[in-house]
Amino acid sequence: MVEQTSVVEEPTVADIPEVADIAELDKLSDVVVPEALKEEATQQDLRHRDFPDEEFWREIPAFKGVGYEQFMDHKFQLIRSVTSPDKLTEIVGELATPEFVEDMKAGLRAAPMNVRVSPYLISRIDWQNPYDDPLRIQFLPVASKRLPEHPQLTLDSLHEQHDSPTPGLVHRYPDKVLFLPLDVCPVYCRFCTRSYAIGGDTNQVEKVGYKYSPERWKKAFAYIASRPEIEDVVVSGGDAWNLAPIHLKEILSTLLAIPHIRRIRLATKGPAVMPMKIQSDRKWFRTLVKWVDHGRKLGKEVCLHTHFNSPNEISLITHDAMQELFRHGVKVRNQSVLIRNVNDTPETMRLLVKKLSYMNVQPYYVYQHDMVKGVEELRTSVGNTVELERHVRGATAGFNTPLFVNDVPGGGGKRDVHSYDYYDSTTGVSVYRSPNVDEQKAYLYFDPIDLLPEEGRTRWSDASQHDAIIKEAMKGSGLSDLEPAR
Ligand SMILES: *Cc1c(COP(=O)(O)O)cnc(C)c1O
Ligand code: SF4
């Protein structure tokens, strides 16, 4: 093992006082306050500022005796992660009923993703009501909630493998690429778009597998270096949180050395899963900050893209970790997936957006849920997303208002969810164009069938109607001369 600390220096913060100078406010004490135009905000309106600070994990039987120091150690979080129903029982004991554990076992047999949930997340689940809990919904499958797949669904619906010049590198857009360095994450999300690759084989899916491989990485770097039009690299799941500091350095130092690379994003679910890594894995943190600083000196951006979906993923530990990144000049943006019963109401989405903004995490995207195997009950309709956007825009600063996008099946890339050429809320079909990806194609998305009105459900239940439904949508969009992407 190469010792890294000698080359990585502890970052320093400029000599700025920790607290604001209250005396400044004394100057305002004599002023007659102008009459208010708006009603004063209630406690409820300001609840995005509440960050749970108690030792919440002590409610979990196996963590009753775990002190702050131990819980804050990312290695503890890794070692005690739940990776099977038996491990869950071992940790939460009677908090999970035998019925729930059986339901989860059956759910796992049919799931395309393995299970991995950190003690942090396990402790944030409401075990009095796990079925409705937004974290349980994201990470622990249960058979009883399962819905039949949509007939138009395929594995790798985004055609990532089709758009890969070399394994683990997706080149879809003209000036940006997606690099997948690993096949492991600090958590496995049931709804992962990359269930074709991430997290080890399951009963359902034999994975492509993107392990750390110097040869594979070098091929990806050489391709990027050979294409002068590429300015932007997204380093995504498998997760940057799982990169050893030396590998993080390898990726960032190589990419920053390529003259035409201007922007590098490290995408990670880590801050939502084990935020304490920022405080306890100083080697990883210092490596990150060092290369962010190095990039800045070169006039290039290296930033972090997080993946918070629920306000319940956020505690005071998260707040402190995100502020630590902010103080060290690491730009953080967030990409959420829109998930039924997790964040699909205006109240929850507004709360999430305001909480993120309060921690200096900029809400960037909210994704329409991809058409992924085994998670039909998690998807929502395009119509719901459009309505949700109306209720979020205007609630806070425009630059902290996420763009609601649909990463359309068939590899069309991300489209503003409003920008469809056609949408039929009865059949649930929406049609998009993506001229920067392929001008000749139309891209279709399909709402989950169980949310359609009866007429739509009846039509989809008859297989002989399916082609007609798609033809109708193409005709209705006025794009009949384009080819529907498959
Ligand atoms: C999302 C994505 C990107 C980055 O897109 P932005 O809209 O710039 O965030 C790049 N390549 C692929 C294949 C992607 O899926
Ligand atoms: S963290 Fe990202 S890549 Fe990993 S399982 Fe979740 S969605 Fe997939």
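The first residue in the sequence is number 1, and the count goes up from there. For ligands, and for the atoms within them, numbers begin at 1 and follow the listed sequence.
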Could you point out which residue of N384, T385, D407 forms a side-chain hydrogen bond (donor to acceptor under 3.5 Å, both in side chains) with Q368?
T385
Does the ring of F221 carry K218 above it, NZ/CZ under 6.0 angstrom from centre and within 45° of its axis?
no
Indicate yes or no: does an N/O atom of Q335 lie under 3.5 Å from an N/O atom of ligand 1?
no
Quick check on the 6.0 Å ring-centre criterion: do H171 and Y223 meet it?
yes
Examine the side chains of H305 and Q335 and answer whether a donor and an acceptor come within less than 3.5 Å of each other.
yes
Can you pull out the closest protein heavy atom to atom 6 (Fe) of ligand 2? Residue, atom name and distance to 0.1 Å, please.
C189 SG, 2.4 Å
Per-atom contacts of ligand 2 with H307, taking only distances under 4.0 Å to non-hydrogen atoms
7 (S)
Consider every N or O of D232 and every N or O of ligand 1, then say whether any pair is closer than 3.5 Å.
no
I'd like to know if D133 and R136 make a salt bridge, using a cut-off of under 4.0 Å between side-chain N and carboxylate O.
no
Can an N or O of K414 be found at a distance shorter than 3.5 Å from an N or O of ligand 1?
yes
What part of R333, side chain from CB on, backbone N/CA/C/O, both or neither, has a heavy atom under 4.0 Å from ligand 1?
neither
Using a strict cut-off of 4.0 Å, indicate which atoms of ligand 1 neighbour a heavy atom of L178.
11 (N), 12 (C), 13 (C)
Which bit of C185 is near ligand 2, meaning a heavy atom under 4.0 Å away: side chain, backbone, both or neither?
side chain
for atom 5 (O) of ligand 1, nearest protein heavy atom and its distance come out as K176 NZ, 3.2 Å
Quick one: which ligand 1 atoms are inside 4.0 Å of a heavy atom on V234?
4 (C)
Sub-4.0 Å atoms of ligand 1 with respect to non-hydrogen atoms of R265:
4 (C), 6 (P), 8 (O), 9 (O)
Among V417, V366, V405, exactly one meets side chain to side chain contact (heavy atoms under 4.5 Å, CB included) together with L338. Which residue is that?
V366
Which residue supplies the protein heavy atom nearest to atom 12 (C) of ligand 1, what is that atom called, and how far is it?
Y173 CE1, 3.6 Å
Whether K219 and E215 form a salt bridge (side-chain N of Lys/Arg under 4.0 Å from carboxylate O of Asp/Glu) is what I want to check.
no
By the definition salt bridge (Lys or Arg N to Asp or Glu O under 4.0 Å), identify the one residue from K176, R263, R262 that meets it with D232.
R263
S280 and its side chain to side chain contact (heavy atoms under 4.5 Å, CB included) partner, picked from M274, H74, M72:
H74
Y365 versus ligand 1: do any nitrogen or oxygen atoms come within less than 3.5 Å of each other?
yes
Looking only at protein heavy atoms, which one is nearest to atom 1 (S) of ligand 2, and how far off is it?
K269 CB, 3.4 Å
When distances are taken from atom 8 (Fe) of ligand 2, the protein heavy atom at minimum range is C192 SG, 2.3 Å
Quick one: look at M113 and ligand 2, take heavy-atom pairs under 4.0 Å, and tell me if it's side chain, backbone, both or neither.
side chain
Flag the pair D293 and K290 as a salt bridge only when some basic side-chain nitrogen lies within less than 4.0 angstrom of an acidic carboxylate oxygen.
no
Would you call D320-R327 a salt bridge at under 4.0 Å N-O?
no
For Y364, the ligand 1 atoms with a heavy-atom partner under 4.0 Å come out as 6 (P), 7 (O), 8 (O), 9 (O)
